[in-house]
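All remarks here apply to the structure that follows.
Residue numbers start from 1 in every chain, and the chains themselves are labelled A, B, ... in the order their sequence lines are given, proteins ahead of strands. Here the structure is a predicted model, which is why all the values come from computation and not from measurement.
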Number of protein chains: 2
Amino acid sequence: MSNPASPESANLPARFSHARHVQAKAVMEDYVEMISDLLAEMGEARIADIAQRMGVTHPTATKAVARLKTAGLAVSRPYRGVFLTEEGAALAEKVRARHRTLVDLLIAVGVPAEVAELDAEGMEHHVSDAALAAFRTYLAK
Amino acid sequence: MSNPASPESANLPARFSHARHVQAKAVMEDYVEMISDLLAEMGEARIADIAQRMGVTHPTATKAVARLKTAGLAVSRPYRGVFLTEEGAALAEKVRARHRTLVDLLIAVGVPAEVAELDAEGMEHHVSDAALAAFRTYLAK
DNA sequence: TGCAAAATTTAGCCGCGGCTATATTGTCTG
DNA sequence: CAGACAATATAGCCGCGGCTAAATTTTGCA
Ligand SMILES: [Mn+2]
Ligand SMILES: [Mn+2]
Ligand SMILES: [Mn+2]
Ligand SMILES: [Mn+2]
């Protein structure tokens with residue numbers, strides 16, 4: 001190892017910037033999943049409904065949707081509803097499954113259901129594929 | 001129950017805004033814990049070291065420290081090192097303990113140690129006191 | 001079918017948390 | 001005890017993700 005003078009603190013910067021990078025995607029993930037819910041429940045996802053479910057004003061929702069479109073996750077025409085691209089729909093499914101698995105794990109470990117649901121909404125975005133796989137293995141036992 | 005027409009989606013806005021609120025504190029928590037580390041390891045926390053460990057430029061660290069001071073978590077005089085207030089030191093200890101407990105839980109559940117450390121850096125800030133208590137109970141078994 | 005109300009977009013503001021470039025202050029050394 | 005250099009601070013920029021207020025478009029109904 002060429003790592004003599006690093007008493008564990010050398011990898012800290014990488015951990016922090018990784019967490020920041022993940023965080024940058026978090027809001028987008030929640031929007032995509034929620035738009036997917038709306039499409040399934042009501043056949044369309046309107047700005048007013050998106051805003052209401054996110055707990056945000058409509059201009060904020062409009063801007064978020066603009067970012068989703070820029071990222072290739074959603075499409076929409078002015079004054080019309082929002083739809084997901086293939087990529088957006090796939091992301092929604094992944095995010096939804098990850099959320100459920102995390103909640104299940106938290107409950108399995110003794111966290112009350114309502115608390116698990118609340119905490120998971122923030123935690124979920126930082127759960128890597130590797131951790132998720134471990135969760136599934138644990139839950140399967 | 002006075003909750004007829006809410007098929008679970010009514011509490012979504014609260015969950016999202018809760019997660020946003022928690023996220024707003026996350027960066028501050030990491031800075032405070034890390035400054036506490038520096039003070040313990042080297043007796044002082046200088047801007048250059050804070051910046052280096054956070055993986056950030058010094059102006060960014062300077063602004064973060066300014067926010068900590070505004071929040072009553074740190075004190076410093078110009079061109080001198082940074083110190084924590086009682087409140088800041090207490091927060092650092094709480095954040096450190098929570099981080100360790102979360103990593104322990106992840107490992108106990110089958111997540112590889114390096115992955116646990118990486119994921120925990122982001123997840124930790126969303127772990128409520130109730131969830132933390134559950135984690136400790138689980139780990140005690 | 002025309003118009004009022006509702007929905008959406010646009011404009012413009014804010015703080016956070018990043019950045020680079022530059023100014024200022026402290027420190028160490030010849 | 002100068003200066004050079006290192007450390008810190010300041011200025012000014014950016015995008016994100018919030019907000020309010022105002023303009024615009026769509027829609028529903030009298
Ligand atoms: Mn979420
Ligand atoms: Mn979720
Ligand atoms: Mn952290
Ligand atoms: Mn941590």
Next item on the list: Look at atom NZ of B:Lys94 and say whether more than 12 heavy atoms of other residues, nucleotides or ligands are closer to it than 6.0 Å.
Entry: no

Check: Looking only at heavy atoms, which two atoms of A:Val103 and A:Ala120 are closest? And how far apart?
Finding: CG2-CB, 3.6 Å

Margin query: Tell me the interatomic distance from B:Ile50, atom CD1, to D:dA7, atom P, rounded to whole angstroms.
Written below: 14 Å

Checklist line | Separation of D:dA6 P from B:Gln52 CD (nearest whole Å) | finding: 16 Å

Checklist line | Side-chain donor or acceptor of A:Arg98 paired with backbone N/O of A:Glu124 under 3.5 Å | finding: yes

Next item on the list: Using atom CZ of B:Arg80 as one end and atom P of D:dA9 as the other, report the distance to the nearest whole Å.
Entry: 10 Å

Check: If only side-chain N and O atoms of B:Arg46 are considered, is one of them under 4.0 Å from the OP1 or OP2 phosphate oxygen of C:dT27?
Finding: no

Margin query: Between B:His126 and B:Gln23, is the side-chain hydrogen bond (donor to acceptor under 3.5 Å, both in side chains) condition met? List the steps.
Written below: CA-CA 8 Å; B:His126 301 273; B:Gln23 189 54 40; 3.1 Å; yes

Next item on the list: Please name the pair of heavy atoms, one in B:Val111 and one in B:Ala116, separated by the smallest distance, quoted to 0.1 Å.
Entry: CG1-N, 3.7 Å

Note to self: Which residue is it: A:Asp30, A:Val32, A:Leu38? I am looking for the one with a side chain to side chain contact (heavy atoms under 4.5 Å, CB included) to A:Met34.
What the structure shows: A:Leu38

Notebook entry, point to check: Heavy-atom contacts under 4.0 Å between residues 54-79 of chain B and DNA chain C, which residues?
Noted result: B:Val56, B:Thr57, B:Pro59, B:Thr60, B:Lys63, B:Arg67, B:Tyr79

Notebook entry, point to check: B:Ile47 CD1 to C:dG18 P: how many Å, rounded?
Noted result: 14 Å

Checklist line | Near-strand residues of residues 16-32 of chain A, defined as heavy-atom separation under 4.0 angstrom from DNA chain C | finding: A:Arg20

Checklist line | Closest approach of A:Ala64 to A:Tyr31 (non-hydrogen atoms, all atoms of both residues) | finding: CB-CZ, 3.4 Å

Item checked: Inter-residue atom distance B:Leu132.CG - B:Leu105.CG, 0.5 Å rounding -> 9.5 Å

